[in-house]
Amino acid sequence: MAPKRKEGSGGLKGFFTRAGKSFMTGGLFARDQSVWMAEKLAKIGFIVATTSIVVFMPLVFEIAREGQMVETEKLEVAALRDEGYSDNQFREMGYAEAAIARAPAVLKK
């Protein structure tokens, strides 16, 4: 004997009913999985962001401070050049090569 079917479970109406339930179940599953994935990615993003701040910000500050030191040394070298010091004397005094170096004559106006 064949199993009894509920009324409205066959034909086009039954197909759309089952398809709707299937899509609803798949949508709920996808939503749950995407929420789980978003939570995991948020945790990973937070860890990466805080780690990069702790690691890279001191490096950025050090680079900025080095740039300020070179600019200060350039001013001192310019003042000492006016007094007649040579490049070799600046090297002996311990000035950075970036502060001693002069711009090529082509770049001077």
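All values below were derived from every heavy atom in this structure, side-chain atoms included, with hydrogens, water molecules and symmetry-related copies excluded.
- Separating the CD atom in Glu62 from the CD atom in Glu66 is a distance of 6.5 Å, to the nearest 0.5 Å.
- Of the inter-residue distances, the one linking Phe23 atom CZ with Leu28 atom CG reads 13.5 Å to the nearest 0.5 angstrom.
- The cluster map of Ile, Leu, Val, Met, Phe, Trp and Tyr, joined by side-chain heavy atoms under 4.5 Å apart, puts Leu41 and Trp36 in the same cluster.
- The OG atom of Ser86 sits 8.5 Å away from the CZ atom of Arg91 when rounded to the nearest 0.5 Å.
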Quiz item: Given the rule in the side-chain contact (heavy atoms from CB on, under 4.5 Å) test, do Leu80 and Tyr95 qualify, once you have shown the distances and angles that lead to the verdict?
Solution: CA-CA 12 Å; Leu80 291 173; Tyr95 282 99; 3.6 Å; yes

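- Hydrophobic clustering of Ile, Leu, Val, Met, Phe, Trp and Tyr side chains at less than 4.5 Å, counting indirect connections, unites Val77 with Met93.
- Nearest heavy-atom pair, Lys74 versus Ala98, reported as atom, atom and distance to 0.1 Å: CE-O, 3.4 Å.
- Residues Arg81 and Ile100 approach most closely at NH2-O, 2.6 Å, considering heavy atoms.
- A distance of 10.5 Å separates CD in Glu73 from CD in Glu71, rounded to the nearest 0.5 Å.
- In the hydrophobic clustering of ILVMFWY residues, with side-chain heavy atoms under 4.5 Å counting as a link, Ile53 and Phe61 come out together.
- Counting all heavy atoms, side chain and backbone alike, Ala49 lies closest to Ser52 at O-OG, 2.8 Å.
- Closest of all the heavy-atom pairs between Thr50 and Ile47 is OG1-O, 3.1 Å.
- Interatomic distance, Phe90 CZ to Glu76 CD, rounded to the nearest 0.5 Å: 10.0 Å.
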